[in-house]
Amino acid sequence: MSPARRCRGMRAAVAASVGLSEGPAGSRSGRLFRPPSPAPAAPGARLLRLPGSGAVQAASPERAGWTEALRAAVAELRAGAVVAVPTDTLYGLACAASCSAALRAVYRLKGRSEAKPLAVCLGRVADVYRYCRVRVPEGLLKDLLPGPVTLVMERSEELNKDLNPFTPLVGIRIPDHAFMQDLAQMFEGPLALTSANLSSQASSLNVEEFQDLWPQLSLVIDGGQIGDGQSPECRLGSTVVDLSVPGKFGIIRPGCALESTTAILQQKYGLLPSHASYL
């Protein structure tokens, strides 16, 4: 059986187990959960809106809605679907990094060149050691993660070979966002992550800005507006840093945390700047 058919089969089984129904055979229409209160939506689309403004405490009455969103997203991801999620920088598209068909779907719906890598989202700093060959002090990782940075290191054999097969490196993200950390930890595996927009178009700071993609997605998690949206700097995304060469770092993309990141790398850890060639 092909990877694509296996992923579709997994999706149908998981959908049935949580009381969801698939659309007509061959349909590309997304299934998004309707929020408890009305929200702007494309015709026929439904979405699941996160309660509160971010961190939801265990004893909060909003915890049930938070848990519902997590369970729905995990079910779809395990079924090989593509899910839109909020992060600490931009809205993103996430899928299981272990599902080759889902990886292809991300490239297809974004119109993204398959020569451009996808980042990997993890839930804990400790997970980085499983999926990467780390050549920097643990303190450096903890100083930068969670945060609006992507750290590029040599990948381990644990990652799917169909994920960025053209490079021995991988970019690691642990967003400073409570939902994304909970999601990655509950999923218990690496998530491929990229921005929620068509390639070459502006990044998205709210779910309405990528409504054209909704019909191709399985689930949209609405975490509200990210940033103030008034300046171009809000759409820069994470700062991408190459840490694959011991004692050196290379800035692949300046992003939104360039100054603070370079200060930590140079002043606290004495790394020297160098050319980066990941992208």
- Between CG on residue Asp242 and CZ on residue Arg253, distance to nearest 0.5 Å: 14.0 Å
- Query: Is the shortest heavy-atom distance from the side chain of Leu145 to the side chain of Leu151 under 4.5 Å?
  - Reply: yes
- Item | Arg235 with Glu209: basic N within carboxylate O range, under 4.0 Å | yes
- Query: For Gly139, does its backbone N or O pair with a side-chain atom of Tyr269 as donor and acceptor, under 3.5 Å?
  - Reply: yes
- Stepwise side-chain contact (heavy atoms from CB on, under 4.5 Å) test for Tyr107 and Thr194: CA-CA 10 Å; Tyr107 280 103; Thr194 184; over 6 Å; no
- Note on the structure: Smallest heavy-atom separation, Ala102 atom then Ala96 atom, equals CB-O, 4.4 Å
- Just by modelled atom types, is the Asn164 backbone N or O under 3.5 Å from a matching donor or acceptor in the Thr167 side chain? no
- Query: CG/Asp222 to CD/Glu208 distance, rounded to the nearest 0.5 angstrom?
  - Reply: 6.5 Å
- Query: What is the minimum heavy-atom distance between Phe179 and Ala69, and which atoms define it?
  - Reply: CE1-CB, 3.8 Å
- Message: Is it the case that the side chain of Thr239 and the backbone of Leu258 share a donor-acceptor pair, with hydrogens and angles ignored and the cut-off at 3.5 Å?
- Response: yes
- Query: Is any side-chain heavy atom of Asn206 less than 4.5 Å from a side-chain heavy atom of Ile226?
  - Reply: no
- Please lay out, stage by stage, how Val240 and Ile251 fare under the test side-chain contact (heavy atoms from CB on, under 4.5 Å). CA-CA 6 Å; Val240 184; Ile251 299 298; over 6 Å; no
- Item | Residue pair Arg135 / Leu243, side-chain heavy-atom distance below 4.5 Å | no
- Query: Which residue, Asp127, Val170, Leu159, forms the side chain to side chain contact (heavy atoms under 4.5 Å, CB included) with Pro190?
  - Reply: Leu159
- Where the side chain of Tyr91 meets the backbone of Ser203, is there a donor-acceptor pair that is under 3.5 Å apart? no
- Item | Arg173/Asp88 ion pair, N-O < 4.0 Å | yes
- Query: Which heavy atom in Tyr131 sits nearest to a heavy atom in Glu158, and how many Å separate them?
  - Reply: CD2-CB, 3.7 Å
- Result of checking Val120, Ile172, Val85, Leu122 against Leu193 for side chain to side chain contact (heavy atoms under 4.5 Å, CB included): Val85
- Do Arg155 side-chain atoms and Leu163 backbone N/O form a donor-acceptor pair below 3.5 Å? yes
- Under 3.5 Å side-chain donor-acceptor pair for Ser238 and Thr150: yes
- Item | Minimum-distance pair of heavy atoms, taken over all atoms of Thr89 and Leu205 | O-CD2, 3.7 Å
- Message: Rounded at 0.5 Å granularity, tell me how far CG in Leu217 sits from CD in Gln211.
- Response: 11.5 Å
- Lys/Arg-Asp/Glu bridge criterion (N-O < 4.0 Å) met for Glu114, Arg104: no
- Message: Donor-acceptor pair, distance only, cut-off 3.5 Å: does the side chain of Glu154 make one with the backbone of Ser244?
- Response: no
- Item | Close side-chain approach of Asn197 to Lys110, heavy-atom, < 4.5 Å | yes
- Phe210 and Leu198, any side-chain heavy atoms less than 4.5 Å apart: no
- Check whether any side-chain N or O of Gln181 sits under 3.5 Å from a backbone N or O of Pro175 as a donor-acceptor pair, and report yes or no. yes
